[in-house]
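Before we start, here is the structure in question, set down as structure tokens.
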Amino acid sequence: MKDLILVTGGTGYIGSHTAVELINEGYEVVIVDNLANSTADSLDGIEKITGVRPAFEQFDLCDKSLVEAFFEKYPKLKAIIHFAAYKAVGESVELPLKYYRNNLVSLMNLLECMGQFKVPSIVFSSSCTVYGQPKDLPVTENAPILPAESPYGNTKQICEEILRDSVHSMPDIRVIALRYFNPIGAHPTALIGELPRGIPNNLVPFVTQTAAGLRGELKVFGDDYPTPDGSAVRDYINVADLAKAHVSAIGRLLNQKNEANFEFFNLGTGRGSSVLEVVKTFEKVTGVSVNYKIVGRRAGDVVAVWADTSKANEVLGWKAATSLEDTLLSAWNWEKKLRGIQ
Ligand code: NAD
Ligand code: WQD
């Protein structure tokens, strides 16, 4: 058995897929989650896929005394992957303090305990949202960080700053921030996947729910962008591929192969796809038609963004492998399983 890794937010969407990949690589995993945006069913899925049920501690990472008690209980802890955060962009505009408190305090509690209990390594879930609309595409890690469009996006920028200042003052601490582009899809077994609460904000869950008959119509936000078909372009990355990059990042930190104490990597496919391309590809691979209507642009949306992934490819030795077709099929298989569709 390799080292013990804490996966915060590990019953959530990306965390559960990462727990699977860590266990498959022989790591021991302990998950902390307060189930604010997930259910303990993910643990069953992880166990069915890997044959191992990870340890699970249900509590709120904003409670410092509980975080300290956790570090005391797991003295063999070697590294942390910090997924736990709130992530709904629209809600963050309505309830900014909820987002600032949860996303910043949970990270600060972890960092303080990392110093106190000598657990030096952390992988942090950041987002391509920090780049806003980049001037040059594909976007590299050297692109400027632009003013955030939402309190949620701002929490990612502030967390990166907190990490930067912390490695400066605590030289033993090593950080890898992974900037995800648009994670989509589900595990190929359809045993774990995304569980959006209420009406989905993100494109692919809205597409699968429309195809499943839960939503009457997908609204395509804008067809007058300066892109080949007029709809906005994003870099949609398969969630299981994304999860594997975290295993590479953990290996790099544990083997002390990092060149600097704070490193950043873009995680995407390196390819942009438009909204209409996603809808049409989904229809082609599933044979199910999606009722959609073109409406006006959504406030705050950028025109086009996709990743230059060469740094992650070369330094982490990681590359996205799954096609958009297979990824959309995995999203559909997960939706069908959730809704009991044959
Ligand atoms: P998710 O909501 O499915 O998972 C996050 C998990 O964290 C949930 O299970 C939730 O219950 C838990 N959590 C939240 N606050 C907590 C707290 N205070 N204490 C304990 N547990 C807490 O989200 P996800 O899509 O898996 O995202 C994981 C991370 O990746 C987040 O930090 C998110 O901001 C980031 N990210 C996500 C995307 C995306 O599109 N999904 C894109 C870029 C970055
Ligand atoms: C993708 C495209 C929409 C829904 C968000 C966050 C970002 C990151 C990933 C966490 C856009 C269009 C969508 C719909 C549509 N999350 N769309 N109809 O906006 O790129 O990024 O999730 O860090 O921070 O902002 O992803 O899936 O919402 O949208 O036409 O019903 O699909 O306009 O062009 P986005 P998304």
Side-chain angles (χ1 to χ4, degrees), residues 7-18 31-40 42 57-63 66-67 81-90 92 98-99 101-107 109-110 124-132 148-150 152-153 155-156 159 177-184 192-197 199-207 209-210 215 217-223 225 227 231-237 239 242-243 246 267-268 273-276 278-279 292-306:
V7 180
T8 79
T11 48
Y13 175 42
I14 308 171
S16 56
H17 289 80
T18 302
I31 288 175
V32 169
D33 203 299
N34 63 357
L35 305 183
N37 197 38
S38 57
T39 71
S42 311
E57 303 285 348
Q58 183 181 342
F59 68 89
D60 185 340
L61 289 157
C62 293
D63 186 328
L66 296 179
V67 181
I81 308 182
H82 183 40
F83 292 104
Y86 294 148
K87 63 165 182 178
V89 175
S92 80
K98 175 177 171 179
Y99 277 69
R101 175 178 297 282
N102 194 53
N103 295 4
L104 306 189
V105 173
S106 57
L107 176 66
N109 284 344
L110 285 172
F124 175 70
S125 295
S126 191
S127 170
C128 71
T129 188
V130 300
Y131 299 121
E149 286 282 350
S150 70
Y152 164 74
T155 69
K156 292 296 166 192
C159 283
L178 299 176
R179 292 174 177 160
Y180 314 151
F181 282 64
N182 289 60
I184 61 164
I192 51 173
E194 191 170 5
L195 267 190
R197 298 233 162 131
I199 302 172
N201 296 306
N202 294 117
L203 176 63
V204 170
F206 210 107
V207 167
Q209 289 195 7
T210 307
R215 311 275 156 214
E217 175 183 82
L218 167 76
K219 293 184 175 66
V220 171
F221 297 132
D223 70 344
Y225 284 110
T227 61
S231 63
V233 169
R234 300 287 184 275
D235 186 338
Y236 295 95
I237 165 87
V239 67
L242 185 76
H246 295 75
L267 298 183
S273 304
S274 73
V275 176
L276 290 172
V278 169
V279 173
Y292 74 87
K293 181 169 100 186
I294 311 278
V295 299
R297 296 180 180 192
R298 183 172 70 177
D301 270 350
V302 298
V303 179
V305 63
W306 66 93

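Whatever order the structure lists ligands and atoms in, that order sets their numbers, starting from 1.
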Q | Contacting atoms of ligand 2, where contact means under 4.0 angstrom from a heavy atom of A232 | A | 34 (O)
Q. Is P183 in polar range of ligand 1, meaning some N or O pair under 3.5 Å apart?
A. no
Q.
Between ligand 1 and S106, is the shortest N or O to N or O distance under 3.5 Å?
A. no
**Q.** Sidechain-backbone polar pair: N109 side chain, L61 backbone, donor-acceptor under 3.5 Å
**A.** yes
Q) Which atoms of ligand 2 are found less than 4.0 Å from any heavy atom of N182? A) 20 (O), 21 (O), 26 (O), 35 (P)
Q | Residue portion contacting ligand 2 (non-hydrogen atoms closer than 4.0 Å) for L203 | A | both
Q. With only distance considered, is I14 within less than 3.5 Å of ligand 1 through an N or O on each side?
A. yes
Q | Side chain to side chain, E149 and T129, heavy atoms closer than 4.5 Å | A | no
(Q) Please work out, at 4.0 Å between heavy atoms, whether the side chain, the backbone, both, or neither of S126 comes within that distance of ligand 1. (A) backbone
Q | Point-to-point distance, once rounded to the nearest 0.5 Å, from CD of E217 to NZ of K219 | A | 5.5 Å
Q | Side-chain (K156) to main-chain (S125) donor-acceptor, under 3.5 angstrom | A | yes
Q.
Tell me the protein heavy atom at minimum distance from atom 10 (C) of ligand 1, and give that distance in Å.
A. D33 OD1, 3.3 Å
Q.
Going by the closest heavy atom to atom 23 (O) of ligand 2, which one wins out of Y225, Y152, F181, Y180?
A. Y152
**Q.** Residue selection (non-hydrogen contact nearest atom 2 (C) of ligand 2) among F221, F206, Y292, Y236
**A.** Y236
Q.
As a check for students: among V130, V275, T129, I184, identify the option with a heavy atom nearest to atom 24 (O) of ligand 2.
A. T129
Q: Compute the shortest N/O to N/O distance between Y180 and ligand 1 and return yes if it is under 3.5 Å, no if not.
A: no
Q | Option of least heavy-atom distance to atom 5 (C) of ligand 2 (set: I199, T155, N202, L218) | A | N202
Q. Got the closest protein heavy atom to atom 2 (O) of ligand 1, with its distance?
A. N37 ND2, 2.7 Å
Q) If you measure from CG on L242 to CD1 on I184, what distance do you get to the nearest 0.5 Å? A) 11.0 Å
Q) Hey, which atoms in ligand 1 end up nearer than 4.0 Å to a heavy atom of G12? A) 3 (O), 4 (O), 9 (O)
(Q) Under 3.5 Å between any N/O of S127 and any N/O of ligand 1: does that happen in this structure? (A) no
Q: Please say whether the positively charged group of R234, taken as NZ for Lys or CZ for Arg, lies over the ring of F181, i.e. under 6.0 angstrom from the six-membered ring centre and within 45 degrees of the axis.
A: no
(Q) Working to the nearest 0.5 angstrom, can you tell me the gap between S106 OG and D60 CG? (A) 8.0 Å
Q) Do ligand 1 and F181 have nitrogen or oxygen atoms that lie under 3.5 Å from each other? A) no
Q | Contact atoms of ligand 1, heavy-atom distance to F59 under 4.0 Å | A | 19 (N), 20 (C)
Q | Closest protein heavy atom to atom 29 (O) of ligand 2, given as residue, atom name and distance to 0.1 Å | A | R298 NH2, 3.4 Å
**Q.** Geometric N/O contact Y152 with ligand 1, under 3.5 angstrom
**A.** yes
**Q.** Nearest neighbour in protein (non-hydrogen) for atom 18 (N) of ligand 1
**A.** N102 OD1, 2.7 Å
Q) Between A232 and V302, what is the shortest heavy-atom contact and its length? A) CB-O, 4.0 Å
Q: Please name all residues satisfying side chain to side chain donor-acceptor pair (under 3.5 Å) with Y131, sequence neighbours left out, ordered by chain then number.
A: R179, N266
Q) Should the proximity of V204 to ligand 2, defined as any heavy atom under 4.0 Å, be assigned to the side chain, the backbone, both, or neither? A) neither
Q) Which protein heavy atom lies closest to atom 7 (C) of ligand 2, and at what distance to 0.1 Å? A) S127 OG, 4.2 Å
(Q) As an exercise, identify every atom of ligand 1 less than 4.0 angstrom from a heavy atom of L35. (A) 11 (O)
(Q) Return the closest protein heavy atom for atom 3 (O) of ligand 1 as residue, atom name and distance. (A) Y13 N, 2.8 Å
Q) For ligand 1, which atoms, with element, lie under 4.0 Å from some heavy atom of S125? A) 29 (C), 30 (O), 32 (O), 35 (C)
**Q.** Interfacing atoms of ligand 2 (cut-off 4.0 Å, heavy-atom, V89)
**A.** 6 (C), 25 (O)
Q) Quick one: does S231's side chain have a donor or acceptor within less than 3.5 Å of a partner on L276's backbone? A) yes
Q. How does K219 reach ligand 2, by side chain, by backbone, by both or by neither, if only non-hydrogen atoms under 4.0 Å count?
A. backbone
(Q) Please list, in number order, the atoms of ligand 2 under 4.0 Å from a heavy atom of V220. (A) 30 (O)
Q) Is K87 close enough and on-axis enough to Y152, meaning under 6.0 Å and within 45°, for cation-pi? A) no
Q. Can you list the ligand 1 atoms lying under 4.0 Å from a non-hydrogen atom of A36?
A. 11 (O)
Q) CG of N34 to SG of C62: how many Å apart, nearest 0.5 Å? A) 8.0 Å
Q.
Would you compute the distance between atom CG of L203 and atom CZ of R298 and round it to the nearest 0.5 angstrom?
A. 8.5 Å
**Q.** Nearest neighbour in protein (non-hydrogen) for atom 11 (C) of ligand 2
**A.** R234 NH2, 3.7 Å
Q: Can you sort out the partners of L35 under side-chain contact (heavy atoms from CB on, under 4.5 Å), two or more places apart, ordered by chain and number?
A: T11, D33, S38, A40, F56, Q58
Q.
Within the 4.0 Å heavy-atom shell around A84, which atoms of ligand 1 are there?
A. 7 (O), 13 (N), 16 (C), 21 (N), 22 (C)
Q. Which ligand 1 atoms, with their elements, are less than 4.0 angstrom from a heavy-atom of D60?
A. 17 (C), 18 (N), 19 (N)
Q. With distance as the sole test, does N103 use its side chain to make a donor-acceptor pair with the main-chain N or O of Y86 at under 3.5 Å?
A. yes
Q.
Less than 6.0 angstrom separating the ring centers of H246 and Y180, yes or no?
A. yes
Q | Residue part near ligand 1, for K156, under 4.0 Å between non-hydrogen atoms | A | side chain
Q. Are any of the N/O atoms in Y86 less than 3.5 Å from those in ligand 1?
A. no
Q.
Please list the nearest protein heavy atom to atom 25 (O) of ligand 1 with its residue and the distance rounded to 0.1 Å.
A. K87 NZ, 2.7 Å
**Q.** Identity and distance of the protein heavy atom lying nearest atom 13 (N) of ligand 1
**A.** N34 OD1, 3.5 Å
Q: Around atom 5 (C) of ligand 1, find the nearest protein heavy atom and jot down its residue, atom name and distance.
A: A85 O, 3.9 Å
Q) Where is the nearest protein heavy atom to atom 33 (O) of ligand 2: which residue, which atom, and how far? A) D301 OD2, 2.4 Å
Q) Tell me, which protein residue and heavy-atom name are nearest atom 31 (C) of ligand 1, and how many Å apart are they? A) F83 O, 3.0 Å
Q. Considering only the protein, which heavy-atom contact is closest to atom 4 (C) of ligand 2, and what is its distance?
A. N201 O, 3.4 Å
**Q.** Atom CZ of R297 with >12 non-hydrogen neighbours under 6.0 angstrom
**A.** yes
Q: Say whether, by atom type as modelled, one donor and one acceptor occur between the side chain of N202 and the main chain of V204 under 3.5 angstrom.
A: no
Q.
So, taking the atom named CZ in F59 and the one named CG in L66, what distance separates them when rounded to the nearest 0.5 Å?
A. 6.0 Å
